[in-house]
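Working notes, beginning with the structure itself.
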Amino acid sequence: MAAENAFNTILKTLEKPDGGEFGKYYCLPALNDPRIDKLPYCIKILLESAIRNCDEFQVKSKDVEKIIDWENTSPKQVEIPFMPARVLLQDATGVPAVVDLACMRDAMNKLGGDSNKINLILVPVDLVIDHSVQVDVARYENAVQANMELEFQRNKERFAFLKWGSNAFDNMLVFPPGSGIVHQVNLECLGRVVFNRNGMLYPDSVVGTDSHTTMINGLGVAGWGVGGIEAEAAMLGQPMSMVLPGVVGFKLLGKLRDGVTATDLVLTATQMLRKHGVVGKFVEFYGEGMGELSLADRATIANMSPDYGATMGFFPVDHLTLQYLQLTGRSDETMFVDYNEPQIEKVYSSYLELKLEDVEPFPLQEMKADWHACLDNRVGFKGFAIPKESQNKVAKFSFHGTPAELRHGDVVIAAITSCTNTSNPSVMLGAAVVAKKACELGLEVKPWIKTSLAPGSGVVTRYLQKSGLQKYLNQLGFHIVGYGCTTCIGNSGDIDESVASAISENDMVAAAVLSGNRNFEGRVHPLTRANYLASPPLVVAYSLAGTVDIDFEKEPIGKGKDGKEIFFRDIWPSSEEVANVSYSASFTRVPGLKTSIVFHYYIVFQVVQSSVLPDMFKATYQAITKGNPMWNELSVPSSNLYAWDSTSTYIHKPPYFKDMTMSPPGPHGVKDAYCLLNFGDSITTDHVSPAGSIHKDSPAAKFLLEHGVDRRDFNSYGSRRGNDEVMARGTFANIRLVNKLLEGEVGPKTIHIPTREKLSVYDAAMRYNTAGQDTIILAGAEYGSGSSRDWAAKGPMMLGIKAVIAKSFEQIHRSNLVGMGIIPLCFKPGDDADTLGLTGHERYTINLPNSVSEIRPGQDVTVATDTSKSFSCTVRFDTEVIKHNLVISRFVQLFL
């Protein structure tokens with residue numbers, strides 16, 4: 001049972017300078033423990049949470065001691081509980097989470113419990129609908145409204161379900177479609193830095209069901225991505241079990257040279273961190289160079305944490321943080337000490353150092369070299385295996401009556417999108433200046449290239465319009481198409497039929513260039529095999545060139561209105577040019593302020609003490625809270641139990657709780673399992689559970705057609721995550737899947753081992769299930785990398801997969817697998833399926849202990865095959881908490 005908090009003796013009152021009080025807080029220095037002063041700031045946030053929630057039941061005094069003694073305990077991989085201040089969802093992960101919660105209520109009701117206990121009582125939840133809008137309409141002045149109308153037509157049932165959830169569950173706030181991208185909304189509006197809840201002050205912290213939740217680290221808020229199952233536990237007031245991480249101290253010195261962009265810095269830092277090895281660790285930035293980085297640049301670096309492998313890329317609160325809070329119309333009242341003030345030196349697990357003046361601009365000629373290597377590489381990620389004699393092929397076609405042609409590497413999609421970039425005014429203004437200069441020189445974008453601009457918030461639109469630059473972006477076809485993730489998550493919409501036919505009929509390797517953070521196979525668009533990530537200014541530049549097969553240093557982008565060749569250097573803006581643009585947008589120039597470092601957000605926006613920007617932010621987010629007419633007109637029932645519609649193809653009651661009893665089942669082994677799929681390295685969650693379009697010949701398409709859904713209304717896999725029937729059929733449906741059992745053939749199929757038939761993965765899995773036969777997956781390194789995605793674990797569970805044996809796992813995906821009762825096993829170092837001589841045609845037996853108490857995190861087990869081979873693997877149950885074989889059903893048993 002819970003006891004009184006043993007640390008109430010250090011509960012202090014924070015007084016206001018002019019009288020009164022802000023509230024009470026747990027004062028860490030009052031513990032008078034010298035070890036605390038040396039803790040990294042990010043570890044202090046974990047410590048404060050443990051102290052505040054210490055009840056000797058869920059969080060114990062010994063957990064607090066583990067964190068205080070971090071310097072000694074973190075190398076031992078000790079386990080601690082953590083209770084975040086809030087949970088962040090987007091609709092693609094939020095719909096299945098609310099489906100699970102609604103289903104838990106039904107299960108509670110069925111087992112005689114109080115269904116109202118399944119409520120969002122303890123932890124506030126913010127859900128931003130940003131994953132539904134598609135670029136159906138582009139290069140059109142009124143594209144935003146047109147796309148939103150289509151979005152509501154397709155997703156009305158999903159949106160109504162989420163609106164029901166916001167009413168049925170306490171503490172759940174839903175931001176309607178058109179609000180912006182979740183992480184930019186989090187940065188500009190939701191991030192508190194300091195929580196004040198009922199007079200209790202504590203550091204803001206958040207877990208989100210999206211890998212790039214880390215973007216909020218740039219604001220001094222601890223936050224990272226988790227699986228939906230862990231997020232659901234946090235919503236219900238359950239502490240997360242986590243390994244106390246090591247912290248890499250990253251010291252920044254000096255300042256960036258003129259012309260070096262935030263993108264160059266991000267790429268340099270990412271390369272350093274990848275080389276250092278930061279998987280499963282926190283990274284904390286410090287040093288005098290911090291003062292030279294804008295808040296937006298910090299957020300961009302933090303946003304990329306999943307790409308360099310860290311759990312967080314944390315920037316402690318300082319004066320720039322407080323200025324940003326003022327700038328965005330929020331209070332800067334804080335209990336934090338500016339970390340730039342003299343402090344006791346922090347201790348880190350390891351150290352890195354970067355002199356900002358050493359950061360070099362990204363060498364653009366590398367893109368062309370990379371492209372030609374991809375043409376030659378064998379089929380796979382960044383490999384197209386185009387024969388030398390076919391690499392210069394030209395596909396001629398007619399585009400609305402105009403003769404046109406395509407070559408390998410020609411750009412057919414150019415999208416300015418993604419929270420990673422659209423939250424940073426320096427690169428957005430830079431893109432607009434590139435557009436302005438290109439228009440003035442007479443350059444144009446080919447009409448068959450699908451161009452789009454999807455800002456992360458309405459603030460971007462306001463300052464682009466205020467600066468007078470949006471008209472130039474429009475002239476090149478970069479009209480604003482909506483406020484959401486769009487192309488970055490595969491919602492790029494159809495490309496023109498004539499272009500699609502030219503690609504398909506001639507087997508062309510078409511390219512997409514986007515300012516996103518993911519370019520996995522089959523994600524951006526089914527017909528763009530080459531997908532390149534670039535900053536917004538470069539997206540504009542590549543759209544003008546019309547190809548990725550170009551060396552910007554030497555080759556012209558095109559010809560101007562006078563017939564003269566135009567080069568990249570002719571349209572690339574100087575820092576001074578962007579500075580002048582920023583001031584023309586009615587931002588006050590600060591006397592004596594140099595403009596050479598304008599690519600830093602604090603020059604363009606933060607240090608400028610103008611009332612214009614706070615008003616922009618306030619007006620934008622006040623409008624959002626009022627909803628929009630289409631959202632406000634949605635009618636939803638008021639009942640606490642959801643009325644499931646068995647005919648719905650969007651929201652369906654999942655089977656997780658169907659045969660649930662009061663007692664949890666014990667651990668299960670695997671007996672004589674067949675290999676459903678045999679993979680190499682880098683199988684992403686996009687391979688496992690695609691988010692994009694539903695292929696017309698897929699099992700999911702067949703299901704939808706059988707249920708009366710017209711092909712034009714298929715929508716995307718991401719939008720149908722509330723329906724387990726669709727998502728099970730969409731598991732491993734990526735058209736770029738490379739399965740070794742197919743011996744070189746690419747696509748979402750496999751071999752049914754007993755009959756040797758080639759079937760869709762879903763059909764093969766159902767045949768195994770019908771016969772009562774277990775299945776497993778063999779994989780290489782980095783299995784499950786990419787976006788955190790529940791259905792990448794739920795889908796395999798529904799296919800009957802019992803275990804995944806891989807060289808390594810992405811940490812969130814590994815946790816999700818465990819949560820769905822799938823055993824993650826790692827080959828021993830130096831081993832993999834190939835070195836062990838495993839073909840995938842064997843049958844596999846995995847023996848686990850019969851009792852949960854006998855299962856230990858990281859223990860070894862033996863895997864035996866029917867070909868008399870056996871080998872040792874490590875069971876990746878990394879904490880004691882996740883040993884129950886279906887975590888979401890365990891929540892209900894806990895409440896009962």
Side-chain angles (χ1 to χ4, degrees), residues 3-56 59-74 78 80-85 192-205 217 219-223 244-247 249 251 282 284-288 290 312 314-322 325 331-349:
E4 183 180 349
N5 194 319
F7 295 92
N8 280 345
T9 55
I10 63 167
L11 195 60
K12 306 293 183 183
T13 298
L14 186 65
E15 307 287 346
K16 288 185 176 181
D18 55 351
E21 63 180 56
F22 290 113
K24 298 186 182 300
Y25 70 103
Y26 285 92
C27 179
L28 302 188
L31 287 172
N32 295 316
D33 191 319
R35 294 175 296 176
I36 294 176
D37 293 332
K38 296 190 294 182
L39 290 176
Y41 290 96
C42 53
I43 297 299
K44 285 184 178 180
I45 292 175
L46 301 184
L47 175 60
E48 189 280 338
S49 174
I51 287 174
R52 177 167 36 86
N53 293 292
C54 185
D55 59 1
E56 302 300 342
V59 183
K60 300 178 180 179
S61 297
K62 65 180 182 181
D63 298 317
V64 174
E65 173 57 28
K66 288 177 188 176
I67 302 173
I68 292 176
D69 199 33
W70 169 84
E71 189 175 353
N72 297 312
T73 55
S74 63
V78 300
I80 62 163
F82 174 62
M83 299 184 76
R192 279 84 153 169
V193 179
V194 176
F195 241 85
N196 186 342
R197 197 167 187 210
N198 300 323
M200 177 63 71
L201 303 173
Y202 49 95
D204 188 6
S205 60
N217 301 161
L219 193 65
V221 174
L244 185 61
V247 182
K251 190 173 187 178
F282 290 175
E284 183 166 291
F285 295 89
Y286 70 106
E288 64 186 49
M290 289 281 294
M312 280 206 305
F314 186 74
F315 290 81
V317 172
D318 65 357
H319 62 288
L320 291 181
T321 313
L322 307 186
L325 292 176
S331 170
D332 64 343
E333 295 174 343
T334 177
M335 65 177 178
F336 282 87
V337 174
D338 183 340
Y339 87 98
N340 276 329
E341 297 297 322
Q343 300 282 317
I344 294 176
E345 188 171 345
K346 306 301 175 189
V347 173
Y348 296 104
S349 307

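The analysis underlying the following values was restricted to heavy atoms, covering all of them including side chains, and did not include hydrogens, waters or symmetry mates.
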Pair Y41 and Y286, ring centroids less than 6.0 Å apart: no

Taking the side chain as every heavy atom from C-beta outward, state whether [X] and [Y] have any pair of such atoms under 4.5 Å apart.
X    : Y    : value
P203 : F195 : no
F314 : P40  : no
C54  : E56  : yes
I51  : L31  : yes

When you look at T13 and K24, which way does the side-chain hydrogen bond (donor to acceptor under 3.5 Å, both in side chains) test go after all the steps? CA-CA 4 Å; T13 298; K24 298 186 182 300; 2.8 Å; yes

Hey, is the main chain of [Y] close enough, under 3.5 Å, to the side chain of [X] for a donor-acceptor pair?
X    : Y    : value
D63  : K60  : yes
D204 : A85  : no
W70  : P245 : yes
S349 : V247 : yes
E345 : K38  : no
N196 : F22  : yes
E284 : P316 : no
S74  : G246 : no
N53  : S49  : yes

Passing option when K44 is tested against I67, I68, L28 for side-chain contact (heavy atoms from CB on, under 4.5 Å): L28

Distance from [X] atom [atom1] to [Y] atom [atom2], nearest 0.5 Å?
X    : Y    : atom1 : atom2 : value
L46  : K66  : CG    : NZ    : 13.0 Å
I36  : I43  : CD1   : CD1   : 13.0 Å
S205 : M312 : OG    : CE    : 9.5 Å
D55  : N5   : CG    : CG    : 8.0 Å
L11  : C27  : CG    : SG    : 10.0 Å
E48  : Y202 : CD    : OH    : 9.0 Å

For a quick test of reading the model, state the closest non-hydrogen atom pair linking G220 to I45 and the distance between them. O-CD1, 4.4 Å

Taking all heavy atoms of L219 and all of T321, pick out the closest pair and write down the distance. O-CG2, 3.2 Å

So, K16 and D18, do they make that salt bridge, N to O below 4.0 Å? no

Pair E21 + K12: basic N to acidic O under 4.0 Å: no

Working note: E65 + R35, criterion salt bridge (Lys or Arg N to Asp or Glu O under 4.0 Å); need CA distance, chi angles, decisive distance, verdict. CA-CA 11 Å; E65 173 57 28; R35 294 175 296 176; 2.9 Å; yes

Check whether NZ of the Lys or CZ of the Arg K251 lies under 6.0 Å from the centre of the six-membered ring of F285 and within 45 degrees of that ring's axis. no

